[in-house]
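To start, the structure itself, in structure tokens.
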Amino acid sequence: MRNNLHRSFGYSFLMSFLLLFSCKGQSDPKCLIVLKEKLAPHVNEQNKIGEVINLKNDVNCFEWDSLIIIMPMYLNDKAVKEMGIELSSDINYKWEAESSAIFLFVKDKKEVHLMLQKATVNKDVFDSAKSIKSYSFLQLLNNYGNGSYYVTIPKEKAVFETYAMIYHDSNGEEIFNHKYGLGVKVKK
């Protein structure tokens with residue numbers, strides 16, 4: 001009986017230990033789950049020009065000091081070296097859509113959490129939708145960064161505002177359609 005008790009206790013302890021460490025890093029904190037849902041494209045919802053997205057206050061369930069937004073296809077060893085950070089995630093996003101953005105939440109030059117933000121839906125959904133509420137964080141590469149493939153934003157400046165993206169048609173005329181997504185810039 002005593003051996004069975006020791007074996008049972010040892011088995012329970014071992015399983016608890018394995019469960020604790022096998023799940024490490026596999027789930028996002030609650031504030032990132034909420035953020036991911038908020039920033040995902042939503043079909044037949046209206047975009048709001050001037051909407052404020054306050055990551056500085058909303059992402060508060062872990063410590064971070066800066067946010068790096070990078071195009072997925074460029075998140076590689078060369079970029080990591082150039083940015084001077086350490087990645088803890090070993091995920092390959094190089095085949096992700098060009099409109100997607102990777103959010104790297106960083107603390108002391110080390111990745112704390114990584115989040116993929118998709119800015120579009122597939123063509124069939126797009127064609128059938130009356131509107132698509134979506135955010136293009138990659139616009140930050142040009143309107144906040146240096147036109148490179150990533151931008152680093154200090155936490156205290158991680159408050160964003162949406163705006164209508166302007167395109168040019170074949171005649172050079174400016175056009176925009178805020179029903180299908182908005183750009184994002186750092187709020188002044």
Side-chain angles (χ1 to χ4, degrees), residues 24-42 45 47-120 132-167 176 178 181-188:
K24 184 179 179 193
Q26 290 184 3
S27 61
D28 287 333
K30 185 176 183 177
C31 64
L32 275 191
I33 294 168
V34 170
L35 179 65
K36 189 180 272 187
E37 174 59 28
K38 177 181 180 171
L39 299 181
H42 295 275
E45 288 187 25
N47 289 293
K48 180 181 170 194
I49 295 172
E51 177 183 356
V52 174
I53 302 166
N54 189 338
L55 272 58
K56 177 179 136 183
N57 293 335
D58 293 347
V59 180
N60 58 10
C61 59
F62 58 88
E63 298 232 357
W64 59 285
D65 58 28
S66 57
L67 170 66
I68 297 173
I69 296 183
I70 185 168
M71 297 174 73
M73 70 178 85
Y74 291 114
L75 186 57
N76 56 30
D77 292 339
K78 180 182 173 192
V80 168
K81 185 176 179 180
E82 182 179 321
M83 293 184 289
I85 63 168
E86 291 180 34
L87 288 182
S88 60
S89 301
D90 189 25
I91 300 171
N92 184 347
Y93 287 112
K94 70 181 176 184
W95 298 111
E96 188 60 45
E98 288 181 14
S99 61
S100 297
I102 291 182
F103 288 46
L104 291 169
F105 292 93
V106 177
K107 173 83 172 160
D108 299 326
K109 298 284 188 181
K110 295 180 182 169
E111 172 210 336
V112 181
H113 285 284
L114 177 148
M115 183 184 89
L116 178 67
Q117 186 260 338
K118 295 181 180 260
T120 60
I132 299 170
K133 183 174 185 175
S134 67
Y135 308 97
S136 178
F137 276 84
L138 290 183
Q139 300 303 314
L140 288 165
L141 302 181
N142 294 320
N143 65 36
Y144 185 82
N146 59 5
S148 185
Y149 54 91
Y150 73 93
V151 62
T152 303
I153 301 163
K155 181 178 181 175
E156 59 273 3
K157 294 190 177 197
V159 179
F160 306 101
E161 182 176 29
T162 59
Y163 67 94
M165 293 184 290
I166 298 172
Y167 303 95
F176 70 93
H178 67 276
L182 298 173
V184 175
K185 63 183 177 183
V186 173
K187 184 172 174 36
K188 295 187 186 226

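Applying the salt bridge (Lys or Arg N to Asp or Glu O under 4.0 Å) criterion to K107, with sequence neighbours excluded, gives E63. Under the rule for a salt bridge (Lys or Arg N to Asp or Glu O under 4.0 Å), K185 has no partner lying at least two apart in sequence or in another chain. The ring-ring contact (aromatic ring centres under 6.0 Å, His included) search around F105 returns F62, W64, not counting sequence neighbours. Partners of K36 according to the side chain to side chain contact (heavy atoms under 4.5 Å, CB included) rule, which considers only residues two or more places apart in sequence or in another chain, are D28, M115. Applying the side chain to side chain donor-acceptor pair (under 3.5 Å) criterion to S100, with sequence neighbours excluded, gives E96.
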For this session: Start with the C-alpha distance between L114 and I102, add both sets of side-chain angles, then the distance that settles side chain to side chain contact (heavy atoms under 4.5 Å, CB included), and finish with yes or no.
Result: CA-CA 7 Å; L114 177 148; I102 291 182; 3.9 Å; yes
Exercise. Would L39 and F137 count as a side chain to side chain contact (heavy atoms under 4.5 Å, CB included) if you check the C-alpha gap in whole Å, the side-chain angles of each, and the deciding distance to 0.1 Å?
Worked result: CA-CA 10 Å; L39 299 181; F137 276 84; 3.8 Å; yes
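At distances below 3.5 Å, at least one donor-acceptor pair connects side-chain atoms of N47 with backbone N or O atoms of S134. Checking side-chain atoms of Q117 against main-chain N and O of S136 turns up no donor-acceptor pair under 3.5 Å. A donor-acceptor pair under 3.5 Å links the side-chain atoms of H42 to the main chain of A40, judged by distance alone.
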Donor-acceptor pairs under 3.5 Å, side chain of residues 65-82 to any protein atom, not counting sequence neighbours: which ones?
from : atom 1 : to   : atom 2 : distance (Å)
D65  : OD2    : D108 : N      : 2.8
N76  : OD1    : K78  : N      : 3.1
N76  : OD1    : A79  : N      : 2.9
E82  : OE1    : Y149 : OH     : 2.9

Please list, one pair per line, the donor and acceptor atoms closer than 3.5 Å that link side chains of residues 151-165 to other protein atoms, with sequence neighbours excluded.
from : atom 1 : to   : atom 2 : distance (Å)
T162 : OG1    : K48  : O      : 2.6
T162 : OG1    : G50  : N      : 3.1
T162 : OG1    : E51  : N      : 3.0
Y163 : OH     : N143 : ND2    : 3.1

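Atom CD1 of I49 is separated from atom CG of L182 by 6.0 Å, given to the nearest 0.5 angstrom.
Atom NZ of K38 sits in a crowded spot, with more than 12 heavy atoms from other residues, nucleotides or ligands closer than 6.0 Å.
Legend: disulfide bond (SG atoms under 2.5 Å apart) pairs involving residues 47-85, not counting sequence neighbours, sorted by first then second residue: C31-C61. Screening residues 138-147 for salt bridge (Lys or Arg N to Asp or Glu O under 4.0 Å), with sequence neighbours left out, gives no hits.
Side-chain contact between V112 and V106: absent, with no pair of heavy atoms (C-beta onward) separated by less than 4.5 Å. Side-chain atoms of Q139 and V184, non-hydrogen and from C-beta on, never get closer than 4.5 Å to each other. Side-chain contact between L138 and L140: absent, with no pair of heavy atoms (C-beta onward) separated by less than 4.5 Å.
Listed here is the closest heavy atom pair of S99 and A119: O-CB, 3.4 Å.
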